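Take a look at the structure below.
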Amino acid sequence: MPAATFVLPASLALQLLSGAAPAAKPATAPAATVKAVSPAYSQAVAEKLIGPALTEGHAYARLAELTDGIGPRLSGSAGAEAAVQWALRGFKADGVKGWTEPVKVPRWVRGEERGEVLASERTRGHPLSLIALGGSAPTAPDGLTAEVVEVDSLEALAALGDSVKGKIVFFNHTMSVPADYGRFAGLRGRGPAAAAKAGAAGALVRSLATASLRTPHTGSTRFEAGGPRIPAAAVSTEDADLLHRMLARGPVRVKVVLGCSELPEVESHNVVAEVRGREKPQEIVLISAHLDSWDVGTGAHDDGAGVAMVMEAARLIAKLPQAPRRTVRVVLFMNEEHGLHGARAYAEAHAAELSRHVAAMEMDSGGFRPIGINLRAGAGGQELVRPWLPPLVALGAGTFHEREAGGADLTPMIPARVPFFGVQVDVTRYFDYHHTMADTLDKVDPQDLARSTAAVAWMTYAMAEMPGTLARPEAPATPPGPPALVPQSKASGQ
Ligand SMILES: [Zn+2]
């Protein structure tokens, strides 16, 4: 596609750049003044990374290949394996050395799914817009019919004791802004298992969404190994409101049919690639995203955009006349969405060198415009990074964002005290599309993606080139628990 038509014209990109650059030094300036404004970095390198990211449309073209060309990529599926091969081909074409590393992943497969509110003496019936949660058990072939009981928290469920036995527990909540995701994601992740333990026959969860055109949002739910498993689905926010209104007037019975199945684990792969450092190749700056997606939509924002950004950053850095001081390693994790298997496999396989991971980033909040830089490091991090921020000013990302850097796939590196950095994007619209059929390429603005890609490329280079490295953050007081159902980066709204 003529991607260049979507992005900033080269002249504007360069204007933006020169506007963002440290003041050019006049030829006649006294030596002391020259020294005072001399930037920490090479302006020429900044232009070589940011200019093409803004003007060439390469990241967007690559995202189109992944979303329109490969499509959905749920772990264990043929689409996920096609994505692995696609990424390898892409790195090869870019002149970036790439390879795969093995990961065992679950294979959950969606089947038929439908539901309805049954007619009663008070009302006629209604179809329900629903979608099975990843990890859900199937219903019997002819479906599950039961009375609905509504709760708004795990505590409210516990208070009902075994009165939910044989019923369908409906987890309702009040998510309205992205920051609510972390507050309510536990209802999706842990609610169905808690309902199953209390004897419920099924669970419905209000979609975790900030906008809806009656589109339900899927996501992972987790049952304890050996514990009871029940059918669990998300309903659209409109259907959640309908259930809530009807329940206020009296008992409601629904019928749900879910044909999903859990197949044996399969072998899959993380895709890893490297641009070797020129002075300290043993020191690693890791940039990452997750290659898998949910099985509905094409994972354009989640997380095709992140994949496109970090692949493009590596391509542009590999094209520089001189490699940065440290090694830039790209990791495209497999199965962030349904258990963080790729993240754990990477941290285990590379445990011996995590002490040499001097910085790590995961881009996994959509392909939106950049609004700042995040860090998670020991003392002095901002002071170290600040001199490298001027090229980001014109991109809208030249300041530190208050949110701590992180990413679900980075959590297994926390005990090794790996410092994290990130480009914060504007997540206002992320949860309109997240985990839905609507997460498709048309939702990604090419200019926003180009700007975030430019910021990722520059920040990656900065971390790999700056003379010093970030101090390592304190070890957490309590080690991270089992793989987060609420990814760390998403807990506060990403
Ligand atoms: Zn994601």
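It should be emphasised that the depicted structure is a prediction, and the values quoted were computed from it without experimental measurement. When reading the values below, keep in mind they use all heavy atoms of this one structure, side chains included, and skip hydrogens, waters and symmetry mates. Counting starts at 1 for both ligands and their atoms, in listed order.
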N-O pairing of Asp292 and Arg73 below 4.0 Å: no

Closest approach to the Zn ion (ligand 1) by Asp302, given as the N, O or S atom name: OD1

Thinking salt bridges, do Asp241 and Arg206 make one under a 4.0 Å N-O criterion? yes

Under 2.8 Å from the Zn ion (ligand 1) - does any N, O or S atom of His290 fall there? yes

Ring centroid separation for Phe184 and His173, is it under 6.0 angstrom? yes

Taking Asp448 first and then Arg451, would you say they form a salt bridge - that is, a charged N and a carboxylate O separated by under 4.0 Å? no

If you consider just the N/O/S atoms, which atom of Asp364 is the closest one to the Zn ion (ligand 1)? OD1

